[in-house]
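Scroll down for the structure; my scribbles are underneath it.
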Protein chains: 2
Amino acid sequence: MDLKKKRVTIYDIARALNLTASTVSRSLNNNSRINEDTRKLVIAKAREMNYRANSLASNLRKGKSQTIGIVVPRINQNFFSNVIAGIESITNEKNYNLIICQSNESHEKEIKCVNTLINQHVDCIVISVSAEGDDYTHLQNVIDHQIQLIQFDRVVEKIESLKVTNNNEEASREAVEHLIASGYRRIALLAGPQNLDIFRDRKAGYLKALRANKITIADELILDADTNNEHDAELIRRLFALPNPPDAIFASRDDFLALGVLEAANDLNLKVPEQLGICGYSNERFTRITSPSITTIDQFGVDMGKTIAQTYFDELDGKDEETAVATKTISIKPKLIVRSSTQRGK
Amino acid sequence: MDLKKKRVTIYDIARALNLTASTVSRSLNNNSRINEDTRKLVIAKAREMNYRANSLASNLRKGKSQTIGIVVPRINQNFFSNVIAGIESITNEKNYNLIICQSNESHEKEIKCVNTLINQHVDCIVISVSAEGDDYTHLQNVIDHQIQLIQFDRVVEKIESLKVTNNNEEASREAVEHLIASGYRRIALLAGPQNLDIFRDRKAGYLKALRANKITIADELILDADTNNEHDAELIRRLFALPNPPDAIFASRDDFLALGVLEAANDLNLKVPEQLGICGYSNERFTRITSPSITTIDQFGVDMGKTIAQTYFDELDGKDEETAVATKTISIKPKLIVRSSTQRGK
DNA sequence: CTGAAAGCGCTTACAG
DNA sequence: CTGAAAGCGCTTACAG
C-alpha cells in the first residue's frame, strides 16, 4: 500500500468508468441533464473508491464557499454558545458550514480572525465585537470584500451592516424598575466597558428608571467594570466600603459579576435579598441554582442565532442586483427573569 | 463603483507593477531569492490595493490547508472549551487555523462534521466522540484520507490514532477513596453512558475503591445516566426513593449531574455534606460557588489542549517517511478538588 | 533574481 | 445527454 497515496479525484472515477470529468461532476452534483443510469453508475463507483469532493477546488471554482464565519469574544459564555447553536440549527438544514472563532476579548485577535475568514472566502461573517479597541477598519474590510457582514449584540453603530441587537436599554430599565418596586432605594450599577454600545445602553436604562422614579443618582454608586473577572472583586469591595453602601446591585455586565457580588455578600454576612438585592444579566445556567437563585435577564440567544441565519438567507434569496451589501437592524427584546435574589417583602 | 467588483489577485498587482505573478507570489510569501526592493514594492502595492490572499487557491495548490478541525460534543462545556483554548494557544503561534464543530452528542451530526472536515482538506482532525453510536468508520475514513487523527478524552480504543486521555479510573478511585475517608459508606454511583470508555473507566475506579475498602457493592446504588440533563432528575429520584438510600453520591458523568443532586437534596431538606456527600466531575466554573461548593475533579483541559496541539506539531516535524499515520497514547492525570460538599467531621 | 508554463481539482459555458 | 476546453487564484519546478 502506497504511503503517498493520492486522494481519488473525479478524473480517477471518469477513467474507471470511461467517461469524462464533466459527466462525473454533473452526476455527483445530481443536477443538469444526466442519464439516470450514468448517474447511478458514477455514484456507485464514487462510493466504491471512497471518493471525497475537494471543497477547496469546488469553492475556488464557484467563487463561494457555502461557509459562514462566526467571531465571538468567548464560545463558552452561555449567550454566545446559544447564539451559535441557533445559527447552526438553520445552517445545518441548508448545508452551510460554520467556522467558529473566538477573539478572547482581544481586539488584535479579533482582527486576525476576521482577516483569516476573509482569506477563506466565507460568504458571510457574523460578529459580536470584543470589548477592547475602537478601530473598526477590519469590519469595513469585510464589506469591501463583498462579504455579507452581520453584527449582533455588541454592534458598532457606525459600521453599516445587518445588525441583530437586544434592546438593552429597555431591559435594564425594566430590571431597575423591578428593584425599585421591591423597595430598594440605593441601587448601585456595575456597568460593562463603556466603549461598547450595549453597556452604554444598559447604563442609560438604569438612569432612566431612577429618574422616572425620582431617585437621586449617586455617582459613587456607578462603577464601570472591564471584562476581566479578576478585577471584579476590587470593584465590589469599593461599593461595600462606601459610608452609605447600596441596598441593591445591578451587575449589568453579566451574571459572573453578579455571582461575585453574591459571594462577597456571603463573606460579609449580608442577607440576600433581605439586606441586599442582586440582579445579573444574561441568564447563565448557574443563576437558576445558586442560593439564593439570581434574578437576571434572558437574551434569547438561540432565537437570536436563528434570526441571524434566517436574515442572511432571506437576504441571499431576495437579493436584487441593485443593493450592494444589505444593512438593516433587527431588535429583540430580552426578558427579565425574577428570582429569589431580588424578591423581598417590600 | 462596481457592484460586481472582483477581488484583487496577484495578477492585478503584477500588472500594476509590470511584473509577473510569480514574482508577486514570491514577494508576498517573503521567501526565495527576491530582490529586496522588488519585495517592498510588491508589499506596498498589495496593501494599497487592499489585496487579500485567496486561501482556497493556495491551499489547493499546496495540497495542505494549515487548518486543524476540532469536533466536540458541546463547545460550551467547561472541559471542552478549555481544551479548545489550549489548542488555540499553540496553533495561534504557528499560524494555523481552527475549524470548530459541535456534534451536540449526536452520532449522525458527528459523522457529518467529520466528513465536512475531510472535504475541506484539513491537515488534522481532533475529536472527542459523542455519547451515541458505536460505528466508527468515519474515524477510519479520516486516516484513510491521510489526515492525522487525534482522539482525546472520549477515545475509541479500537481506532488507532494519536490519543490524549485522562486517567479516569485513577481519578475516580481517588474521589471514592476520599468519600470513604470522610466516613460515607453507602456511596451511590451515577455513571455516564457505558458505551464510552471514559465512563466505564470511571465506574471501574469506583468499584476498585469500594473493594479495596471492603465495602459491599450494592447494585441498586449504581445507575447509568445518559447525556441528556433532563433525564437526570428521574435517576436521582430513584436513588432517594430506595428503602436504604445512599449517604453519598458520586455524579461521575459531570458536574451538571452533581448540581441536580444538590438541588434535589435541597428540596428534600437533606443537609450537604452532613447527611449527604456529593462529588461531581470536571470542575465546571459554578462548582466553586454553589452553596455548599461542590467537590469535583479537574481534568486540566487547557493543558490537554496544549498537549494535543504540541503532539501534532511534533509528529509533523519528526515525521519520517516510513510511518504512515502516527499512533500513540498520552495520558494526563486529573486532580481531585476537595470542597465543602464532601467535608464533614467524620 | 525574474519569467513562462504547468497544474492543484473542480465547474460550466459552449458544442454537438 | 455527453465531451472538450477554459479558468477559478495560486505555487513551484524549470529555465535563463
Side-chain angles (χ1 to χ4, degrees), chain A residues 4-43 45-46 49-67 116 118-123 145-146, chain B residues 4-43 45-46 49-67 116 118-123 145-146:
Chain A
K4 275 288 166 201
K5 186 175 54 178
K6 300 210 33 189
R7 286 200 185 187
V8 176
T9 71
I10 54 173
Y11 281 93
D12 299 322
I13 300 176
R15 203 173 310 122
L17 252 30
N18 248 321
L19 289 169
T20 64
S22 323
T23 306
V24 172
S25 171
R26 291 198 187 96
S27 301
L28 257 19
N29 297 313
N30 47 231
N31 54 357
S32 333
R33 323 118 301 182
I34 279 279
N35 182 297
E36 201 44 39
D37 292 340
T38 314
R39 162 169 309 157
K40 280 187 189 141
L41 210 62
V42 170
I43 293 186
K45 198 66 177 178
M49 297 176 78
N50 202 5
Y51 167 77
R52 293 314 179 85
N54 184 332
S55 311
L56 299 176
S58 66
N59 291 340
L60 173 62
R61 177 56 231 258
K62 288 189 293 192
K64 61 197 194 71
S65 59
Q66 299 246 113
T67 300
T116 300
I118 294 177
N119 292 356
Q120 304 262 32
H121 275 235
V122 297
D123 297 337
H145 284 90
Q146 330 285 309
Chain B
K4 275 288 166 202
K5 185 177 52 175
K6 298 206 39 185
R7 286 208 196 182
V8 176
T9 70
I10 54 173
Y11 281 92
D12 299 323
I13 299 175
R15 202 173 311 124
L17 251 30
N18 248 322
L19 289 168
T20 63
S22 323
T23 305
V24 173
S25 171
R26 290 197 188 98
S27 301
L28 257 17
N29 296 313
N30 48 231
N31 54 358
S32 332
R33 320 119 302 181
I34 280 279
N35 182 296
E36 202 42 42
D37 292 340
T38 315
R39 165 169 310 158
K40 280 188 187 137
L41 210 62
V42 169
I43 292 186
K45 198 67 177 176
M49 297 175 79
N50 202 3
Y51 167 78
R52 293 315 179 85
N54 184 331
S55 310
L56 298 177
S58 66
N59 291 340
L60 173 61
R61 178 55 231 258
K62 289 189 292 191
K64 60 199 194 68
S65 57
Q66 300 247 110
T67 300
T116 301
I118 293 178
N119 292 357
Q120 303 261 34
H121 276 235
V122 296
D123 297 337
H145 285 89
Q146 330 286 310

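Chain letters run A, B, ... following the sequence lines, proteins first, then strands; residues in each count from 1.
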Whole-Å distance separating the [atom1] atom of [X] from the [atom2] atom of [N]:
{"X": "A/Asp12", "N": "C/dG9", "atom1": "CG", "atom2": "C1'", "answer": "10 Å"}
{"X": "A/Glu36", "N": "D/dC1", "atom1": "CD", "atom2": "C1'", "answer": "12 Å"}
{"X": "B/Ile10", "N": "C/dT2", "atom1": "CD1", "atom2": "C1'", "answer": "14 Å"}
{"X": "A/Gln120", "N": "D/dC10", "atom1": "CD", "atom2": "P", "answer": "14 Å"}
{"X": "A/Leu41", "N": "D/dC1", "atom1": "CG", "atom2": "P", "answer": "16 Å"}
{"X": "B/His121", "N": "C/dG9", "atom1": "NE2", "atom2": "C1'", "answer": "8 Å"}
{"X": "B/Arg7", "N": "D/dC10", "atom1": "CZ", "atom2": "P", "answer": "9 Å"}
{"X": "B/Asn59", "N": "C/dC10", "atom1": "CG", "atom2": "C1'", "answer": "15 Å"}

Out of curiosity, [X] [atom1] to [Y] [atom2], how far, rounded to the nearest 0.5 Å?
{"X": "A/Ile10", "Y": "A/Ser27", "atom1": "CD1", "atom2": "OG", "answer": "10.0 Å"}
{"X": "B/Arg39", "Y": "B/Asn29", "atom1": "CZ", "atom2": "CG", "answer": "9.5 Å"}
{"X": "B/Ser58", "Y": "A/Leu60", "atom1": "OG", "atom2": "CG", "answer": "10.0 Å"}
{"X": "B/His121", "Y": "B/Lys62", "atom1": "NE2", "atom2": "NZ", "answer": "14.5 Å"}
{"X": "B/Asn54", "Y": "B/Thr9", "atom1": "CG", "atom2": "OG1", "answer": "9.5 Å"}
{"X": "A/Lys6", "Y": "A/Asp12", "atom1": "NZ", "atom2": "CG", "answer": "8.5 Å"}

Output yes when at least one side-chain N/O atom of [X] is less than 4.0 Å from OP1 or OP2 of [N], else no.
{"X": "A/Thr9", "N": "C/dC8", "answer": "no"}
{"X": "B/Thr38", "N": "C/dT2", "answer": "yes"}
{"X": "B/Lys64", "N": "C/dC8", "answer": "no"}
{"X": "A/Lys6", "N": "C/dG9", "answer": "yes"}
{"X": "B/Thr23", "N": "C/dT2", "answer": "no"}
{"X": "B/Ser58", "N": "D/dC10", "answer": "no"}

Legend entry - Pair pattern of DNA chain D in dot-bracket, where unpaired bases get dots and | marks partners in another strand, Watson-Crick or G-U under 3.5 angstrom: |||.||||||||.|||

Using the 3.5 Å cut-off, write out each protein N or O paired with an N or O of nucleotides 5-7 of chain D and the distance between them.
from, atom 1, to, atom 2, distance (Å)
D/dG7, N2, A/Arg61, NH1, 3.4

Which residues pass the side chain to side chain donor-acceptor pair (under 3.5 Å) test with [X], sequence neighbours left out?
{"X": "B/Thr23", "value": "B/Thr20"}
{"X": "A/Asn35", "value": "none"}
{"X": "A/Asn119", "value": "none"}

Legend entry - Listed nucleotide nearest any side-chain atom of A/Thr20, set C/dT2, D/dA4, C/dC10: D/dA4

Inset, instruction - For B/Ser55, answer base if it contacts any base atom (sugar-phosphate contacts may also be present), sugar-phosphate if it contacts only those atoms, and nothing otherwise; contact means non-hydrogen atoms under 4.0 Å. - result: nothing

Inset, instruction - For residues B/Leu28 and B/Val42, determine if any side-chain heavy atom of one lies less than 4.5 Å from a side-chain heavy atom of the other. - result: yes

Inset, instruction - Would you check, one step at a time, whether the test side-chain contact (heavy atoms from CB on, under 4.5 Å) holds for A/Arg26 with A/Thr38? - result: CA-CA 10 Å; A/Arg26 291 198 187 96; A/Thr38 314; over 6 Å; no

Atom pairs, N/O to N/O, protein against nucleotides 14-16 of chain C, distance under 3.5 Å?
none

Legend entry - Comparing A/Tyr51 and B/Asn18 on DNA chain C - which has the more 5′ nearest nucleotide: B/Asn18

Inset, instruction - Give the minimum heavy-atom separation between A/Ile118 and A/His145, together with the two atoms involved. - result: CG2-CG, 4.0 Å

